[in-house]
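Below you'll find the structure, written out as structure tokens, and then a few comments.
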Amino acid sequence: MKWCRIQATSFRVQWQTLSFACDKRLLHGSCWTSPGLCRVHVLQCPTFVQLGFANYRSLRVIRSGLVSNITDLQLVLAFAVRCRIVPLAQTKGHGVCATMPQASAASGPREEPAGMEAEAQLLTSLQEIPNISKCWLRPAQADGFSLTVQFSQRNLPSNSQRKYVQTVHIPKGFAGDYELTPSFPNELKDVQMLSVSPSGKRMLVVRGGSEGNSCTLEIWMGNRVTKEMVVPKKLHGSVYNDGWFGSGAAWTANESRIAYVAEAPAAVQTPAWGGLASSPGTASKEESSEKIAAAPQTWRGVGEWQEDWGELNVGKAPPSLYVLDLKRWNVKSVRGLPPDSSVGQPEWTPDGKSVVCTVWFHRACNLPTMARRLGIVYCLNRPCALYSIEIPFTCKNSTPADSTTQATCLTEGLLSAMSPKFSPRGDKLIFLSHDAAASSGVHSATAALKSIQWTLEGAKGGIQTLVDVVSRAHGADSFPGLYLAALPETPFLSAVVAVASSLHKPASLQLSADTSLSSVQWLHLALEGSWPYDKAVEEALPNITHQVLQVTPSNEPNLPVEAVLISHKDAKQARPTVLLPHGGPHSCYPTSFFTGYAFLVTVGFNLVLVNFRGSTGFGEDAIQSLPGNIGTNDVLDCMACLQAAADTGLVDMSQVAVMGGSHGGFLSGHLVGQYPAAFKCGVLRNPVMDLGLMIHCSDIPDWTYIEAFGCQEGLKRMRVKPTPEDLHGWRKVSPIAHVDKVTAPLFFMLGAKDMRVPMQDAKQYLAAFRARSDAPESRVIVFPDDTHALDKPQTEFEQFLSAAWWIKRHLP
């Protein structure tokens, strides 16, 4: 390291920035203040240095000889302010620049994706649009209705979802012709669950617990908390409010008891080690701390590993049923339900004496060779049944062992029964059945709506089918069947609030006070201050347009295929296009608002969303046509949809990228491998790339058998230890079979906590991809705290901004 001498007669200071010019021997400048000294580190760069700093009065000069042929200088201040190197040709004489200091390339890593500042601002604004999570509609005291809405909004800095509620009065005779004024938002901090009573006069709020406690239960009435209880972890763990096992709580009609779902307490624990020796059976130190004034600190081991429900449920204890008695003010565990099972979705009987709930069995009777608990989220093929159990009134401080009532199964003969709801008159129990999924093995299929007659004595008679499985929809406007995981909390019509959105318009509220089947009229509920969100968003969203294309498959069977083409309404010629197959594979693309897709269209791309054969919403025949044909039929449908979009004149076939997640990533891998000339680049999010590897590490190994070999053959082959023939079959249908043909640059986005398609699957493909001597460019992001959905706010932001950057780089 060399130091050069600086001869400074004076310094000119403006906006806390100094400028210096240099020759072969000296740095000098002209200013107003007294001479000072400055340390100079000799590097190799231009002959002009711009320095920004905060405390120019403390400058000092350190002499260390002379330097010849100075070609690059970096000034380093004692108080560690970095400087930016500016070529002399870019300056005007020795003028002072008002630019604040920035890091040079030599002082830190480069930033990628670069040059996306405007896009980042647009995406930030789009992500600030709130979503509507829940609504409570109550008759107002005077007239009209009182509507309380729960919103969620991405909080990018904290990487979390901000939840809050607003209440608005809807006057009688409201015609939707003006904006309603809501209350100020009330943020729900540390709230795990919020449940409103049938009358709307009481509310249960469940807040997170602290050390030794699982949660706090609060009962609100009017403007105050009337009761509060802290629940110890020894009674139960965290409350389930995940939309699967639990969605709110169930109140009795007289609002005296509340049923909810929470993690069962640990049945076994290790001894407390490291403390005072005690004889067997005596209390541990932590249990008798009041008797011991001082003692060594104890600790417990982790104990035996317990199975869980996989994705989104890792480390969670099984959900169990609990009842909060508001009169006796105690919480009781409900016993008498089937062993080795999980319980959820409670619903009180009309007389308030019993609870009907859904029971999922830890060993799937429809998949007997899979001797483990399988993942359950998004998997409607897991066997379940409805059980009824009486909940006796008990004395205060009673223990769970007081109850000896045994639960009764209400749905014998069905593989699937869930989401129980009682009719308003209490004479029918309505529920969903996913027998089509459970019997075939596919993870999602067409549902049936069924009912059981109910009397004061309980269930009476057999199970009736109200809406059956639809095999094939006859015409675009015919009823295609039911496709939902659970019934709404209040599924029976009175006054109805619905959430509506479109590809160019975020979610909004719609009200219908007249629910006659002959004519339903919807009124738009516009809340004051909810629009516009941002000028850029206000300008962008109205310009998004779409059309639904009916596509004929290129091979048998001739079943419905749809493409949703999203473009800019002012586009007069073909634009660069992104092909987007969905995941599942048994799901679908609706024409509803999605932030990431609105962003991609706004920054210059057309999108082609593919509903291939096997998608939900087209009848059961379409769903059952895909298992045994993945990697073929769905791939052909993607190409047919791309061609149909090109036929509109809006797609430039020389500038096409493909992007997909999960099974959509599986199809993206197939498309760039089977049709390498068609795609300039690919973006793959938690993709399935090698089924032979996925079988050993996924929480849904059954998926690989059913989708690769077909339902009947897959059920026949299914086992924990696959055969060589199984492995060969999986390789044939996996994208890794085509890895050597890929010419498109690939961008992988992976979640480190993904249990559905663990990232080892994609990393193995990537290793094979990069091992080629002619391997195209590749890039990987691993999100350390994300699961399969990659849906944390910062993750959503980074992946769509990075995807736009990647596609722009590779679509000329």
Side-chain angles (χ1 to χ4, degrees), residues 130-136 138 148-155 157-167 183-252 255-266 312-334 343-346 489 785 792-793:
N131 295 311
I132 298 171
S133 306
K134 228 173 188 181
C135 297
W136 295 271
R138 299 171 291 159
T148 300
V149 186
Q150 179 177 323
F151 296 91
S152 65
Q153 183 189 30
R154 299 173 183 88
N155 187 344
S158 69
N159 199 23
S160 62
Q161 292 284 347
R162 179 183 287 113
K163 297 184 294 183
Y164 59 95
V165 294
Q166 285 184 289
T167 299
S183 65
F184 287 112
N186 179 21
E187 188 169 0
L188 304 176
K189 287 189 175 180
D190 196 32
V191 173
Q192 295 181 350
M193 184 173 71
L194 189 153
S195 179
V196 178
S197 69
S199 69
K201 296 180 179 179
R202 294 177 176 85
M203 181 171 62
L204 167 67
V205 176
V206 181
R207 300 188 187 275
S210 56
E211 186 175 356
N213 301 315
S214 63
C215 65
T216 299
L217 307 179
E218 300 171 354
I219 299 297
W220 288 72
M221 186 172 181
N223 61 355
R224 68 191 188 281
V225 176
T226 59
K227 288 185 177 181
E228 183 178 15
M229 175 187 293
V230 176
V231 180
K233 291 181 179 178
K234 290 185 177 180
L235 179 57
H236 68 62
S238 298
V239 170
Y240 274 94
N241 191 35
D242 56 356
W244 189 274
F245 294 115
S247 182
W251 296 68
T252 55
E255 302 183 359
S256 63
R257 296 195 286 179
I258 304 173
Y260 63 94
V261 180
E263 290 185 67
L312 300 184
N313 290 289
V314 174
K316 291 185 179 180
S320 297
L321 187 60
Y322 293 86
V323 172
L324 169 62
D325 191 322
L326 298 183
K327 291 184 177 180
R328 296 164 178 81
W329 198 232
N330 61 9
V331 174
K332 175 184 174 184
S333 169
V334 176
V343 183
Q345 302 175 347
E489 286 190 43
D785 296 319
K792 287 184 177 294

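Residue numbers count from 1 along this sequence.
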* Residues that Ser133 engages under side chain to side chain contact (heavy atoms under 4.5 Å, CB included), provided they are two or more places apart -> Gln150, Ser152

* **Tyr240 versus Glu263, closest heavy-atom pair with distance** => CE1-CG, 3.5 Å

* To do: Flag the pair Val331 / Met229 as yes when at least one side-chain heavy-atom distance between them is below 4.5 Å, and no otherwise.
  => yes

* Structure fact -> Between Gln192 and Cys215, the two heavy atoms sitting closest are OE1-CB, 4.2 Å

* Asked: Could you walk me through whether Asn313 and Phe245 pass the side-chain contact (heavy atoms from CB on, under 4.5 Å) check?
  -> CA-CA 11 Å; Asn313 290 289; Phe245 294 115; 4.1 Å; yes

* Asked: How many angstroms lie between CG in Asn131 and CZ in Phe151, if you round to the nearest 0.5 Å?
  -> 10.0 Å

* Stepwise side chain to side chain donor-acceptor pair (under 3.5 Å) check, Ser214 with Ser238 -> CA-CA 5 Å; Ser214 63; Ser238 298; over 6 Å; no

* Any Pro185 side-chain heavy atom under 4.5 Å of Gln166 side chain -> yes

* To do: Report yes if some heavy atom in the side chain of Tyr322 is under 4.5 Å from a heavy atom in the side chain of Val239; otherwise report no.
  => no

* Minimal non-hydrogen separation, Ala264 against Ser320, with atom names -> CB-OG, 3.2 Å

* Just how far is it from atom CG of Leu204 to atom CH2 of Trp220, taken to the nearest 0.5 Å? -> 12.0 Å

* What pairs with Lys327 under side chain to side chain contact (heavy atoms under 4.5 Å, CB included), at least two apart in sequence or on another chain? -> Ser256, Asp325

* Less than 4.5 Å apart, any side-chain heavy atom of Thr216 and any of Val206? -> no

* Tyr260 and Leu217, any side-chain heavy atoms less than 4.5 Å apart -> yes

* **Closest non-hydrogen atom pair, Ile258 against Ala249** => CG2-CB, 3.6 Å

* At what distance, to the nearest 0.5 angstrom, does CG of Leu235 lie from NZ of Lys332? -> 12.0 Å

* Heavy-atom closest pair, residues Leu326 and Lys227 -> O-NZ, 2.7 Å

* If only atom types and distance count, is the side chain of Glu228 paired as donor or acceptor with the main-chain N or O of Ile219 below 3.5 Å? -> no

* Before giving the answer on side-chain contact (heavy atoms from CB on, under 4.5 Å), spell out for Glu187 and Lys163 the whole-Å C-alpha distance, their side-chain angles and the decisive distance to 0.1 Å. => CA-CA 6 Å; Glu187 188 169 0; Lys163 297 184 294 183; over 6 Å; no

* State, yes or no, whether a side-chain contact exists between Phe184 and Thr167 at a heavy-atom distance under 4.5 Å. => no

* **Stepwise side-chain contact (heavy atoms from CB on, under 4.5 Å) test for Glu489 and Lys134** => CA-CA 10 Å; Glu489 286 190 43; Lys134 228 173 188 181; 2.6 Å; yes

* Asked: What pair of heavy atoms forms the shortest contact from Pro319 to Val261, and how long is it?
  -> CB-CG1, 3.4 Å

* **Trp251 and Ser195: side chain donor to acceptor below 3.5 Å** => yes

* To the nearest 0.5 Å, what is the distance between OG (Ser247) and CG (Asp242)? -> 8.5 Å

* Scan residues 200-209 for pairs that pass side chain to side chain donor-acceptor pair (under 3.5 Å), counting only residues two or more places apart or in two chains. => Arg202-Glu255, Arg207-Glu218

* **Side chain proximity check, Gln153 to Tyr164, heavy atoms < 4.5 angstrom** => yes

* Short question: side chain of Asn213, backbone of Val230 - any donor-acceptor pair under 3.5 Å? -> no

* Atom pair CZ (Arg154) and OG (Ser160), whose distance is rounded to the nearest 0.5 Å -> 12.0 Å

* Derivation of the side-chain contact (heavy atoms from CB on, under 4.5 Å) call for Val323 and Val334 -> CA-CA 7 Å; Val323 172; Val334 176; 3.7 Å; yes

* To do: Decide yes or no for Leu188 and Leu194: does some side-chain heavy atom of the first lie under 4.5 Å from some side-chain heavy atom of the second?
  => yes

